[in-house]
Number of protein chains: 2
Amino acid sequence: MLSTEKIIDAMSEQGLRITDQRKTLAKLFGEHSGYLSAKDVYEFMGKKYSGLSFDTVYRNLRVMQELGVLEQIVFEDGVKFKASCSEDHHHHHMICLQCEKTYPISFCPVSMADTPDEFQVVKHKFEVFGYCKDCRQPADAGLSVNPLSGHTGEH
Amino acid sequence: MLSTEKIIDAMSEQGLRITDQRKTLAKLFGEHSGYLSAKDVYEFMGKKYSGLSFDTVYRNLRVMQELGVLEQIVFEDGVKFKASCSEDHHHHHMICLQCEKTYPISFCPVSMADTPDEFQVVKHKFEVFGYCKDCRQPADAGLSVNPLSGHTGEH
DNA sequence: TTTTGTGCAAAGACTTTGCAGGAAG
DNA sequence: CTTCCTGCAAAGTCTTTGCACAAAA
């Protein structure tokens, strides 16, 4: 994941002005490895900047995403952001349903899925959801822990 | 994919009233194998029902999704619906970026991704995007056709 | 001092909710 | 004839845009 400094450097190199708010944003994402919604970010920033407006948060999130320092993912419950991965090789993720931190998976299933030749593969998505070691749930919490019985978006 | 009749039967069995609009909805999803947005559905239904209101479309889509006859997926550009899969075994999908039809993939990568024991796997998502045989794109259309170079949401 | 960022206000897109009349069973 | 469905109107949520002032380089 990109560090606070790398985020600031990247913004600076692209000619963006390094305002105090943007420094704080860089720090937030540089130190928080989970996903954050625009509202999360607004609430966090609001603690420091009393007159903060929502549109500036949106603008900065968008600028940072377009610049490539933030990744934007659409979850069922809305759009969320986190610092881009610094790993440069292709990989996938485990995502914790509690803290929304991500952990890399180096295995890539695409070559093993026998997609017929007449289907032109462009991109793919492989995500494993569950609870990380810090957020373990009781086994009987009503959620299956059998990897083959929990389904999301695979239909 | 569920047929028009199965959709209607399921709704009827659950005590839902089979109105003309709902018959048309069942027919739409029973015969269209791609994903449709609420707007798509509204526009289609609007051709037949002049005084149609958006909220009724939303209500019916939600009811049908909660009943299980429709599947709802969040794409980058919004929420979309299609008839539920009738296949009862676990599978994944190839999704055409042009027509948004889906094609089953029986291979499931979860067991092969070496998720550490301390990560409690709950569910997973594996989707392959591209162009189906009816929607092939020229190879130089600016989109990679290399399955290993196209990335979406895997970071 | 020039260019970009910010807050404010407003609007826009999408979705949900309360209500009263109308239709299904 | 009872219950559910529909359209209408309104409101709610999330996000974007235009403008004038303020701040960065």
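Residue numbering restarts at 1 for every chain, and letters A, B, ... go by the order of the sequence lines. Source: prediction; values computed, not measured.
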Is the A/H91 ring parallel, tilted or perpendicular to the A/H93 ring (thresholds 30°, 60°)?
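Perpendicular: the ring planes of A/H91 and A/H93 meet at over 60°.
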N-O pairing of A/E31 and A/K27 below 4.0 Å:
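Judged by the 4.0 Å cut-off on N to carboxylate O distance, A/E31 and A/K27 do form a salt bridge.
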Please step through ring pair (Phe, Tyr, Trp, His ring centres under 6.0 Å) for the pair B/F75 and B/Y35, ending with a clear verdict.
CA-CA 10 Å; B/F75 286 96; B/Y35 285 95; 5.0 Å; yes
Report the distance from atom [atom1] of [X] to atom [atom2] of [N], rounded to the nearest whole Å.
X	N	atom1	atom2	answer
B/Q14	D/dC5	CD	C1'	17 Å
B/R22	D/dG7	CZ	P	11 Å
B/F54	D/dA11	CZ	C1'	17 Å

Can you see if the side chain of A/S53 gets near the phosphate of C/dG7 - specifically, an N or O under 4.0 Å from OP1 or OP2?
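The answer is yes; a side-chain N or O of A/S53 sits under 4.0 Å from OP1 or OP2.
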Check whether any side-chain nitrogen or oxygen of A/Q21 sits under 4.0 Å from OP1 or OP2 of C/dG7, and answer yes or no.
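It does, given that an N or O in the side chain of A/Q21 lies less than 4.0 Å from OP1 or OP2 of C/dG7.
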Taking atom types as modelled, is there a side-chain donor on A/Y49 or A/D20 under 3.5 Å from an acceptor on the other?
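The criterion, which ignores hydrogens and geometry beyond distance, is satisfied for A/D20 and A/Y49.
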Could you verify whether a donor N or O on one side chain and an acceptor N or O on the other, from A/D9 and A/S12, lie under 3.5 Å apart?
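The answer is no; no qualifying pair exists.
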From CZ (A/F44) to CG (A/L28), nearest 0.5 Å:
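Atom-to-atom, A/F44:CZ and A/L28:CG are 5.0 Å apart.
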Between CZ of A/F81 and OG of A/S37, what distance do you get to the nearest 0.5 Å?
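One finds 9.0 Å between CZ of A/F81 and OG of A/S37.
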Within 6.0 Å of CG in B/D77, more than 12 heavy atoms from elsewhere
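Atom CG in B/D77 is crowded, with more than 12 foreign heavy atoms closer than 6.0 Å.
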Positions of residues 38-52 of chain A (non-hydrogen atom under 4.0 Å from DNA chain C), listed by number:
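Within residues 38-52 of chain A, the residues near DNA chain C are A/G51, A/L52.
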Pull out every residue in residues 58-67 of chain B that has a heavy atom closer than 4.0 Å to any atom of DNA chain C, ordered by number, or say none.
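Within residues 58-67 of chain B, the residues near DNA chain C are B/Y58, B/R59, B/R62.
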Side-chain touch B/K101/B/K82, heavy atoms, less than 4.5 angstrom
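Answer no - side chains too far apart.
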Quick one: which of A/R59, A/M11, A/Q72 gives a side-chain contact (heavy atoms from CB on, under 4.5 Å) with A/M64?
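One option only clears the test, and that one is A/M11.
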Dump every N/O contact between nucleotides 21-25 of chain C and the protein below 3.5 Å, one line per pair.
unit_1: C/dA24; atom_1: N3; unit_2: B/R17; atom_2: NH1; d: 2.9
unit_1: C/dG25; atom_1: OP1; unit_2: B/I18; atom_2: N; d: 3.1

After noting the C-alpha distance and the side-chain angles of B/H92 and A/H124, does the key distance pass the ring pair (Phe, Tyr, Trp, His ring centres under 6.0 Å) rule?
CA-CA 12 Å; B/H92 295 277; A/H124 61 282; over 10 Å; no
